[in-house]
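Only one structure is covered here, and it is reproduced in the block below.
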Amino acid sequence: MAKVISTYSFSKRELDERKLQARCNVIEPQADSKQPKYLNGYLLQKDQAGYFLLKPSPNSPTMIREDLPISVGYAAALQRDSL
């Protein structure tokens with residue numbers, strides 16, 4: 001039988017505080033941006049799924065969503081405004 005040397009207990013509140021601190025350390029792109037960001041002439045947009053561009057369809061009035069890799073979209077969003 002194994003002996004218990006020490007125990008550690010934690011609360012849900014402590015876990016939530018740690019998650020909040022981890023989120024606060026992430027740099028939010030476009031936080032101080034005053035101009036929208038463009039990538040290859042298309043407006044860079046973001047939602048819960050990630051970064052994307054909306055491109056017009058050549059034969060119809062609908063827009064086609066082109067998803068970008070997180071690293072590409074994040075890097076484009078971090079670019080500074082050109083004055």
Side-chain angles (χ1 to χ4, degrees):
M1 182 170 10
K3 289 184 177 182
V4 176
I5 297 173
S6 66
T7 61
Y8 178 75
S9 62
F10 53 90
S11 67
K12 184 173 180 343
R13 189 173 128 220
E14 288 177 354
L15 291 176
D16 291 341
E17 287 175 358
R18 287 183 188 171
K19 287 180 186 177
L20 181 62
Q21 287 176 349
R23 274 191 244 143
C24 291
N25 293 335
V26 175
I27 298 172
E28 284 297 323
Q30 300 181 2
D32 61 345
S33 178
K34 299 196 179 11
Q35 299 175 352
K37 303 295 183 200
Y38 289 90
L39 188 65
N40 298 332
Y42 299 102
L43 181 64
L44 179 67
Q45 299 180 26
K46 182 184 177 197
D47 62 4
Q48 290 106 355
Y51 292 95
F52 64 95
L53 303 173
L54 289 178
K55 295 183 175 181
S57 177
N59 299 329
S60 68
T62 60
M63 301 295 277
I64 298 173
R65 177 184 171 126
E66 180 181 326
D67 290 322
L68 298 173
I70 297 286
S71 57
V72 173
Y74 187 71
L78 283 177
Q79 288 179 341
R80 295 197 179 270
D81 290 341
S82 58
L83 298 174

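A pairwise comparison of heavy atoms in Tyr51 and Tyr74 identifies CE1-N, 3.5 Å as the closest pair. Of all non-hydrogen atoms in Leu44 and Ala76, the two that sit nearest each other are CD2-CB, 3.8 Å. Across every non-hydrogen atom of Ala49 and Arg65, the tightest pair is CB-NH2, 3.7 Å.
Grouping the Ile, Leu, Val, Met, Phe, Trp and Tyr side chains by contacts below 4.5 angstrom, directly or via other members, places Ile64 apart from Leu68. By the criterion of side-chain heavy atoms lying less than 4.5 angstrom apart, applied directly or through intervening Ile, Leu, Val, Met, Phe, Trp or Tyr residues, Tyr42 is not grouped with Leu54; the two fall into different hydrophobic clusters.
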Open item on the list: Applying side chain to side chain contact (heavy atoms under 4.5 Å, CB included) to Phe52 and Asp47, what does each step give before you reach the verdict?
Closed with: CA-CA 8 Å; Phe52 64 95; Asp47 62 4; 3.8 Å; yes
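With values rounded to the nearest 0.5 angstrom, Lys37 atom NZ is found 9.0 Å from Leu78 atom CG.
Listed by chain and residue number, Pro36, Tyr38, Gln45 satisfy the side chain to side chain contact (heavy atoms under 4.5 Å, CB included) test with Leu43 (two or more places apart in sequence, or in another chain).
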